[in-house]
Undergrad: 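Before I ask anything, let me first share the structure, which is written out below as structure tokens.
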Amino acid sequence: MSKSLINIAILEPSQIITEGLSNILLKTGTYSKIFKIDSLNEFNTKLFGSQIDIAIINPNQIQNKLKEFSLLKKSLPDTLWAGLVYTFFDQTLLAQFDKIINITDSLESIGELIHKIKNADYHSITGNEIEQLSEREIEVLKLLIKGLSNKEIGDKLNISIHTVISHRKNISQKTGIKSQAGLTIYAISNKIVQIEDYLT
Amino acid sequence: MYRTEKYYIKAEMKFSDLIFDNPSLLLLLENLELDFITGERTIEQVCQENKISTAVFISIANLFNGFYPTGEEQFSSADIPTIIKYLKNAHNYYENEKYPEIRNCIEELYKKNSSPEIQLVGKFFDEYFKEVKEHLAYEDKVAFPYFYKLYNASSAHQENEKYSSNEYHDHHSDIESKLTDLKELLLKHIPVKDDRIIRRKIIISLSDLEHDLNIHSTIEETILIPIVSQLEKKIV
């Protein structure tokens with residue numbers, strides 16, 4: 001699960017600062033992809049449809065484009081918008097951002113920012129006790145590896161398809177395993193099911 | 001196998017230096033059918049002599065060094081043959097070398113640890129390998145010929161073997177996620193029985209493959225597909 005890719009876009013006119021920041025970001029040890037862009041509207045055109053997780057922007061770039069910026073934020077609600085500040089800016093301008101990175105910040109604090117984003121996706125799998133499957137999830141898992149469809153599982157356990165899907169999602173997140181064949185092996189290794197049922 | 005501290009490769013660097021620095025680039029040379037004994041020649045010279053696109057070579061080499069394309073690189077339709085040559089040879093490497101190598105290791109593993117789980121891992125891998133082969137064959141037989149047709153800009157593109165980059169992406173994420181499943185199982189769940197050494201070899205092999213597949217799909221999705229969709233627009 002540690003391999004979740006983070007897409008980062010940098011909108012900063014100074015090449016030296018962009019390069020330096022890219023280097024720092026790559027060194028945080030996160031599996032990330034960095035896009036360098038030249039203007040706000042490139043968010044829609046240049047990024048090949050990639051979901052941008054973090055956008056780091058020089059506040060100058062939105063100075064007279066507040067409307068455009070707030071539309072952009074609305075169209076990309078899952079992106080974290082960070083302002084990269086190395087000179088004085090008006091407080092109202094800075095308030096447009098979710099987070100401020102100061103040029104004097106320590107390298108660690110940038111790393112923390114990235115790790116926070118990353119963990120936001122996977123907060124449910126930190127800590128050992130949460131990794132245990134719940135009783136209900138184990139029931140779903142047992143039926144799942146018998147080859148039952150979501151609907152059949154739902155009927156058997158008297159729950160909706162949506163609930164089945166959400167259990168499946170949790171099972172995959174907790175175990176790190178997505179495929180049915182992989183989950184079967186997981187269940188045998190962890191003695192959730194008997195081997196004899198699955199070897200022919 | 002990849003390291004984190006690498007330099008960014010540029011056209012005027014000496015060709016032999018970069019391989020010395022990162023030997024996993026040898027695979028890149030193999031896929032592009034380039035010799036590695038190149039004397040004092042620069043990357044640009046070697047690429048030109050071999051009619052390989054320098055821009056593509058540099059982008060892929062940098063991927064091996066851990067740098068993703070920035071989107072600022074200028075590629076053109078003239079780069080298509082180089083990209084396809086790379087991808088096709090990489091397919092060959094997966095099918096005839098890398099996957100069989102892992103398959104053999106799993107057999108060795110079973111000799112050391114004849115548990116039902118390992119037996120199922122073997123089955124899992126065989127089914128997975130079959131899927132991978134189907135995907136590679138699809139690209140070789142449908143996708144690449146279609147790109148070549150576009151490249152030759154013949155009117156033949158009306159044949160309508162329409163091909164979608166989304167489909168590409170789904171296939172890839174599936175291939176990569178099953179690889180992750182295998183790693184998870186071998187590293188976290190299946191009990192170890194006197195099989196540490198062979199298990200280490202498998203895990204390292206799986207990680208190498210994972211890294212290489214990641215480069216492979218990045219090339220397709222961020223270099224090849226954008227060129228192709230531009231071409232499609234031009235022709236239609």
Side-chain angles (χ1 to χ4, degrees), chain A residues 1-10 15 18-19 22-23 25-38 42-43 45-50 52 125 131 145 172-200, chain B residues 2 4-8 63 65-73 115-128 131 165-166 169 173-192 207 210-211 213-214 217-218 220-227 229:
Chain A
M1 266 352 244
S2 59
K3 262 218 151 176
S4 60
L5 177 75
I6 293 193
N7 288 321
I8 302 172
I10 302 178
Q15 212 175 346
T18 308
E19 290 294 326
S22 304
N23 251 312
L25 291 167
L26 289 171
K27 279 182 188 159
T28 57
T30 320
Y31 185 52
S32 53
K33 193 161 161 181
I34 296 173
F35 298 86
K36 291 160 197 161
I37 56 176
D38 299 317
E42 282 182 30
F43 272 101
T45 55
K46 202 177 173 184
L47 307 176
F48 306 127
S50 299
I52 295 299
I125 58 162
E131 255 182 79
I145 59 185
S172 289
Q173 276 209 344
K174 288 181 182 177
T175 61
I177 298 164
K178 286 191 180 137
S179 64
Q180 191 197 326
L183 284 169
T184 306
I185 301 171
Y186 168 88
I188 292 173
S189 290
N190 290 287
K191 309 211 167 13
I192 293 170
V193 293
Q194 295 297 313
I195 298 146
E196 292 73 30
D197 304 343
Y198 297 91
L199 282 185
T200 43
Chain B
Y2 58 100
T4 46
E5 282 294 328
K6 282 276 188 322
Y7 52 77
Y8 193 83
L63 266 171
N65 271 8
F67 297 97
Y68 280 86
T70 56
E72 274 167 33
E73 297 86 354
S115 67
E117 288 105 308
I118 302 294
Q119 197 178 338
L120 283 174
V121 164
K123 212 173 130 205
F124 179 102
F125 189 81
D126 287 341
E127 278 161 26
Y128 166 61
E131 275 170 46
S165 52
N166 279 339
H169 185 76
S173 38
D174 202 41
I175 287 178
E176 287 170 33
S177 96
K178 288 207 170 129
L179 214 49
T180 312
D181 283 6
L182 270 177
K183 266 174 71 185
E184 287 276 348
L185 288 166
L186 290 169
L187 271 177
K188 296 186 188 165
H189 299 294
I190 301 175
V192 180
S207 303
E210 199 176 27
H211 180 57
L213 284 172
N214 186 261
S217 51
T218 306
E220 292 181 335
E221 286 163 26
T222 67
I223 303 179
L224 183 59
I225 300 295
I227 302 177
S229 29

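For the numbers below, each heavy atom of this structure counts, side chains included, while hydrogens, waters and symmetry mates do not. Chain A is the first sequence line, chain B the second, and so forth, proteins listed ahead of strands; every chain is numbered from 1. Keep in mind it's a predicted model, so treat the numbers as computed, not measured.
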Undergrad: Which residues satisfy the side chain to side chain donor-acceptor pair (under 3.5 Å) test with B:Glu131, sequence neighbours excluded?
TA: B:Lys178
Undergrad: Give me the atom names and distance for the closest heavy-atom approach of B:His189 to A:Asn190.
TA: ND1-ND2, 3.4 Å
Undergrad: Write down the atom of A:Lys33, the atom of B:Thr222, and the distance for their closest heavy-atom approach.
TA: NZ-CG2, 3.5 Å
Undergrad: Search all heavy atoms of A:Ala181 against all heavy atoms of B:Phe124 and return the closest pair with its distance.
TA: CB-CD1, 3.3 Å
Undergrad: For A:Ile185, is it the side chain, the backbone, both, or neither that has a heavy atom closer than 4.5 Å to a heavy atom of chain B?
TA: both
Undergrad: As a test of understanding, state which of A:Leu183, A:Ile177, A:Thr175 forms a side chain to side chain contact (heavy atoms under 4.5 Å, CB included) with B:Leu185.
TA: A:Ile177
Undergrad: Give the minimum heavy-atom separation between B:Asp181 and A:Ser179, together with the two atoms involved.
TA: OD2-OG, 2.6 Å
